[in-house]
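Below is one structure, written out as structure tokens; comments come after it.
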Amino acid sequence: MALRLYNTLSGKVEEFQPMNNNEVRMYVCGPTVYDYGHIGNFRTFVAVDVLRRFLRQSGYTVHHVMNITDVDDKIIHNAAHAGLSVQQYTAKYEKAFLEDAATLNIEQPILVRATEHIPEMAQFVADLEKKGFAYRAEDGSYYFRIAKFPGYGKLSKKDFAGMEDGARVDVDDYDKDNARDFALWKAPKPGEASWETPIGRGRPGWHIECSVMSMQQLGETFDLHAGGEDLIFPHHENEIAQSESMTGKPFVRFWFHARFLLVEGEKMSKSLGNFFTLRDLVLKGHKPSSIRFLLASVPYRNQLNFTFDGLKQAAVSVERLRNFQSRLDTGQFPQGASEQMTELARDTLKRFWSGMEDDLNTAQAQAAIFDMVRKGNAAIDAGQLKRDDAAALLDVLERFDQIFAVLEDDETEKMKKILNWAKSEKREKDVSNTLLQTMEAQELSDAGIEQKIAEMENARRSRNFQSSDAIRAELMAAGIVVENTKDGVRWKRK
RNA sequence: GGCGCGGUACCCAAGUGGCUAAGGGAGAGGUCUGCAAAACCUUUAUGCGUCGGUUCGAUUCCGACCCGCGCCUCCA
């Protein structure tokens, strides 16, 4: 059994085997740091994170590299508008992106930045020109000659053969030999950021950074290259053209693309008012774990409809898993193991795993876990769960969470950071009461809460229910839920 | 216009040429419970966009149509 993964290049689901036994070398196209990351960006990065974690859980050592695009037209434009240097401008958004990724429990890959590889890129362009794949235009820009690369279009399944003669040529593209030729290197326009290099002054085109940095980090041919579906063309098609022209070898074995999401049933766009950054959602009071759970629960190749209702549902689902985990953790169970539960743990893990192996079918994998939760809860209710069973079920839950990463309950700290950020950015008006209430619950110390609960328990023991209910209500108002179980009192922050 | 993906219950969302069409949420009823929370049980698609076709049999394959979405010059 092994992971079967859809490969955009072949258009088929294939068995994934890395080139070197236990090592996977993968590259993901990272963010262009010109603004805060939105929920669509994070769908892709969560999908890649799930892939990365699953590969690691499968026993591979994963070399995972991600680029930061820190120079492009939009950055140059926005930076100038803000009166900042490109570097000052991008530093802010790169930091924000990495914080947001951490908020969503996305493990950080090895980072490489475009602006830190300018000489290598210039060299790459020079070499491509030497080999006849690139040419210099009159203004000092360099273009890739796609006519020289017969495989052009193989990733995006486009046939460019018939388009060469008689193809329309845009008036402003008079510099290019063919309208489809793409920029490797851009000559500077007045006031734009540029670098002095042996091929002249200028800045890299968009695609070149990924070819140069990925091959530098991972070799001329590597296992996996990921990104959003929009990158298939032209970005990844162009990367293939540049890289394979340079080395004469296959560039990437598996191409992995995450599908775009919809927000409230529509394409996300600023004009529709359904454009949300991660921070927007947290300020509205949604927990990072709910967001991650929702993003991860629809398989990456399917369109995901991201809705606020769905976010609420995800929160409850995560809560259900956490409740079960806590029940297993704190419950008192008799020694030993039961055959049914041992089998349940084994079967669940198997189902979970085969769901994941089936092109990362996270919905299927999740269903196995929820089945286990129901059966496990029922066994506890019936008094049939033994101590070793609890450990076995907890272990399965742990395996699930090493990939989904939603059970760890330390979110208030993350949310607080975002709250503080909102204050520093003068965005207090966007802070919801839900978030404030969650934060309030955090203000109470564990000791303070336990003190209150002790008072409540005393009142209950002396059957002074009026008093105990008052304390319960008070705690509830502060976002603390107290549960009285036959194994004792348990409480949690909501 | 070209290429591609999808339309499954109130919502989100898997899946299959024929056994009861996963799972989660929501609603209803019940069990437990001083209350609350959690949990469990029952219940909610004779039906899988529409219409044809192939087949002993289709939600699953094929065709047409309707709707949604993506790519086709830098949006994840």
Side-chain angles (χ1 to χ4, degrees), chain A residues 11 28-32 37-48 69 72-74 153 156-160 163 170 172-173 176 179-183 205-207 226-235 237-238 257-262 265-269 293-294 297-299 301-307 309-321 323-324 326-327 351 355 358 361-371 373-382 456 460 463-466 468-469 472-473 475-476 481-486 489-492 494:
Chain A
V28 55
C29 284
T32 301
H38 57 69
I39 198 64
N41 297 121
F42 288 111
R43 186 205 189 175
T44 298
F45 295 115
V46 166
V48 172
T69 299
D72 86 327
D73 292 350
K74 209 170 312 185
S156 53
K157 318 277 183 274
K158 291 180 193 301
D159 182 10
F160 293 98
M163 304 176 75
D170 296 347
D172 38 331
D173 281 335
K176 297 192 222 173
R180 292 279 169 185
D181 289 353
F182 57 89
W206 176 35
H207 319 294
E229 62 169 335
D230 59 317
L231 298 182
I232 296 170
F233 189 90
H235 186 52
E237 195 70 69
N238 291 351
H257 293 101
R259 182 102 199 250
F260 269 20
L261 54 65
L262 254 43
E266 291 185 285
K267 183 183 166 133
M268 181 170 68
S269 77
F293 187 84
L294 179 55
S297 52
V298 177
R301 283 207 293 139
N302 293 2
Q303 195 164 60
L304 179 165
N305 186 9
F306 191 92
T307 66
D309 191 41
L311 217 38
K312 273 186 227 141
Q313 295 178 10
V316 181
S317 300
V318 171
E319 208 45 45
R320 179 166 165 79
L321 296 172
N323 284 336
F324 182 60
S326 143
R327 216 179 165 194
R351 266 181 74 198
D358 182 13
N361 190 335
T362 47
Q364 199 101 122
Q366 222 177 67
I369 297 298
F370 279 104
D371 271 338
V373 170
R374 193 185 61 254
K375 289 180 180 144
N377 269 321
I380 298 174
D381 286 352
M456 187 178 114
R460 288 182 73 226
R463 304 195 67 78
N464 183 356
F465 292 125
Q466 205 178 348
S468 77
D469 286 353
R472 185 191 293 285
L475 287 168
M476 183 69 90
V481 181
V482 183
E483 296 178 18
N484 300 89
T485 73
K486 65 178 182 340
V489 187
R490 197 160 60 206
W491 64 271
K492 64 190 180 193
K494 226 179 153 180

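Please read these numbers as outputs of a predicted model, since none were measured by experiment. Lettering of chains follows the sequences in order, A, B, ..., and the numbering in each one begins at 1.
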Can you check nucleotides 3-8 of chain B for protein contacts, nitrogen or oxygen pairs under 3.5 Å, and list what you find?
{"unit_1": "B:C5", "atom_1": "O2'", "unit_2": "A:Arg259", "atom_2": "NH1", "d": "3.1"}

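- Put simply, the side chain of A:Glu483 reaches to within 4.5 Å of the side chain of A:Asn323, judged on heavy atoms.
- Which of B:C75, B:G25, B:C72 sits closest to the side chain of A:Pro234 comes down to B:C72.
- Contact annotation: A:Arg463 side-chain N/O to B:C35 OP1/OP2 distance is not under 4.0 Å.
- Remark: the separation of the P atoms in B:C11 and B:G27 is 15 Å, to the nearest Å.
- Nucleotides B:G29 and B:C69, compared at atom C1', are 40 Å apart to the nearest Å.
- Using a distance-only test at 3.5 Å, with no hydrogens or angles considered, no donor-acceptor pair links the side chain of A:Asp358 to the main chain of A:Gly355.
- One C1' atom belongs to B:C40, the other to B:A45, and the distance between them is 25 Å to the nearest Å.
- As judged by a 4.0 angstrom heavy-atom cut-off over every strand, A:Arg327 is placed among residues touching the sugar-phosphate backbone only.
- In this structure, A:Ala258 reaches neither bases nor backbone, as no heavy-atom distance under 4.0 Å exists between it and the strands shown.
- Spacing of C1' atoms, B:G25 relative to B:A9, comes out at 13 Å, to the nearest Å.
- Using a 4.5 Å heavy-atom cutoff, the side chains of A:Phe45 and A:Val28 are in contact.
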- [ ] Show your reasoning for whether side-chain contact (heavy atoms from CB on, under 4.5 Å) applies to A:Arg374 and A:Asn377.
- [x] CA-CA 5 Å; A:Arg374 193 185 61 254; A:Asn377 269 321; 5.9 Å; no
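- Residue-to-nucleotide contacts include no donor-acceptor pair under 3.5 Å from the side chain of A:Glu229 to the base of B:G70.
- For the pair A:Phe324 CZ and B:G24 P, the computed distance is 13 Å after rounding to whole Å.
- A heavy-atom distance below 4.5 Å is found between the side chains of A:Leu294 and A:Phe306.
- Taking the C1' atoms as reference points, B:A21 lies 9 Å from B:G47, given to the whole Å.
- In this structure, A:Asp230 reaches the bases: a heavy-atom distance under 4.0 Å links it to at least one base atom across the strands shown.
- In this structure, the aromatic ring of A:Phe465 is positioned over the six-membered ring of the base of B:G34, centres within 5.5 Å and planes within 30°.
- Contact of the A:Met268 side chain with the A:Ile39 side chain is registered, since non-hydrogen atoms from C-beta on lie closer than 4.5 Å.
- One atom, CZ of A:Phe306, and another, P of B:C69, lie 18 Å apart when rounded to the nearest Å.
- If you take CD1 of A:Ile232 and P of B:C74, they are 15 Å apart, rounded to a whole angstrom.
- Between the C1' atom of B:G25 and the CD atom of A:Gln366 lies a distance of 12 Å, rounded to the nearest Å.
- Looking at heavy-atom distances under 4.0 Å, A:Leu262 makes contact with sugar-phosphate atoms alone, never a base.
- Two residues, A:Asp358 and A:Asn377, neighbour RNA chain B, and the one matched to the more 5' nucleotide by heavy-atom proximity is A:Asp358.
- With hydrogens and angles ignored, no donor-acceptor pair under 3.5 angstrom links the side chain of A:Gln313 to the base of B:C12.
- Nearest-nucleotide assignment on RNA chain B puts the 5′-proximal partner with A:Lys492, out of A:Lys492 and A:Asp72.
- Counting heavy atoms from C-beta on, the side chains of A:Phe370 and A:Arg320 come closer than 4.5 Å.
- Taking the side chain of A:Asp371 as heavy atoms from C-beta on, and the options B:A37, B:C40, B:A22, the nearest nucleotide is B:A22.
- Of the candidates B:G34, B:G24, B:A14, the closest approach to any side-chain atom of A:Asp469 belongs to B:G34.
- With both ends at atom C1', the span from B:C62 to B:G30 equals 48 Å, rounded to whole Å.
- A:Leu261 comes within 4.0 angstrom of a nucleotide base, judged by non-hydrogen atoms across all strands.
- Looking at heavy-atom distances under 4.0 Å, A:Pro299 makes contact with sugar-phosphate atoms alone, never a base.
- A:Leu304 places its CG atom 13 Å from the C1' atom of B:A14, with the value rounded to the nearest Å.
- If you measure from atom CE of A:Met268 to atom P of B:C69, you get 14 Å, rounded to the nearest angstrom.
- Base engagement by A:His38 is indicated by at least one non-hydrogen atom pair under 4.0 Å involving a base atom.
- Comparing the P positions of B:A37 and B:A28 gives a spacing of 13 Å, expressed to the nearest Å.
- Counting non-hydrogen atoms under 4.0 angstrom, A:Asn484 reaches a base of the nucleic acid.
- Contacts of A:Gly40 with the nucleic acid, taken as non-hydrogen atoms under 4.0 Å apart, include base atoms.
- A:Glu319 has a carboxylate O that lies under 4.0 Å from a charged side-chain N of A:Lys492, or vice versa, which qualifies the two as a salt bridge.
- In this structure, the CZ atom of A:Arg472 is 11 Å from the C1' atom of B:U33, given to the nearest Å.
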TODO: Whenever both distances are under 3.5 Å in a Watson-Crick or G-U wobble pair, mark it; put RNA chain B into dot-bracket that way, with [ ] for crossing pairs and | when the partner is on another strand.
DONE: (((((((..(((.....[....)))((((((.......))))))....(((((..]....))))))))))))....
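- By the 4.5 Å heavy-atom criterion applied to side chains, A:Arg490 and A:Ser326 are counted as neighbours.
- Closest contact between the side chain of A:Asn41 and the listed nucleotides B:A36, B:A76, B:C40 involves B:A76.
- Of the listed nucleotides (B:C11, B:A13, B:C40), B:A13 has the atom at the smallest distance from the side chain of A:Ala363.
- Within 4.0 Å (heavy atoms only), A:Phe233 reaches sugar-phosphate atoms of the nucleic acid but no base atom.
- A sub-4.0 Å separation between OP1 or OP2 of B:A22 and a side-chain N or O of A:Arg374 is absent.
- Between A:His207 and A:His235, the ring planes lie tilted relative to each other; the angle falls in the 30° to 60° range.
- Under a 3.5 Å cut-off, the side chain of A:Arg259 and the backbone N or O of A:Glu229 do not form any donor-acceptor pair.
- At a threshold of 4.0 angstrom between heavy atoms, the contacts of A:Ser297 with the nucleic acid are absent.
- Look at the C1' atom in both B:U54 and B:A64: the space between them is 15 Å, to the nearest Å.
- If you measure from atom CH2 of A:Trp491 to atom C1' of B:A36, you get 17 Å, rounded to the nearest angstrom.
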Task: Worked check of side-chain contact (heavy atoms from CB on, under 4.5 Å) between A:Ile380 and A:Arg327 - done: CA-CA 9 Å; A:Ile380 298 174; A:Arg327 216 179 165 194; 3.5 Å; yes
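- Looking at heavy atoms from C-beta onward, A:Met456 lies in side-chain contact with A:Asn484 at the 4.5 angstrom threshold.
- No side-chain heavy atom of A:Pro234 sits less than 4.5 Å from a side-chain heavy atom of A:Phe182.
- Residue A:Asn361 places at least one side-chain N or O closer than 4.0 Å to OP1 or OP2 of B:G15.
- Residue A:Phe260 is in base contact, counting any heavy-atom pair closer than 4.0 Å across all strands shown.
- For A:Lys74, a side-chain nitrogen or oxygen approaches OP1 or OP2 of B:C75 to under 4.0 Å.
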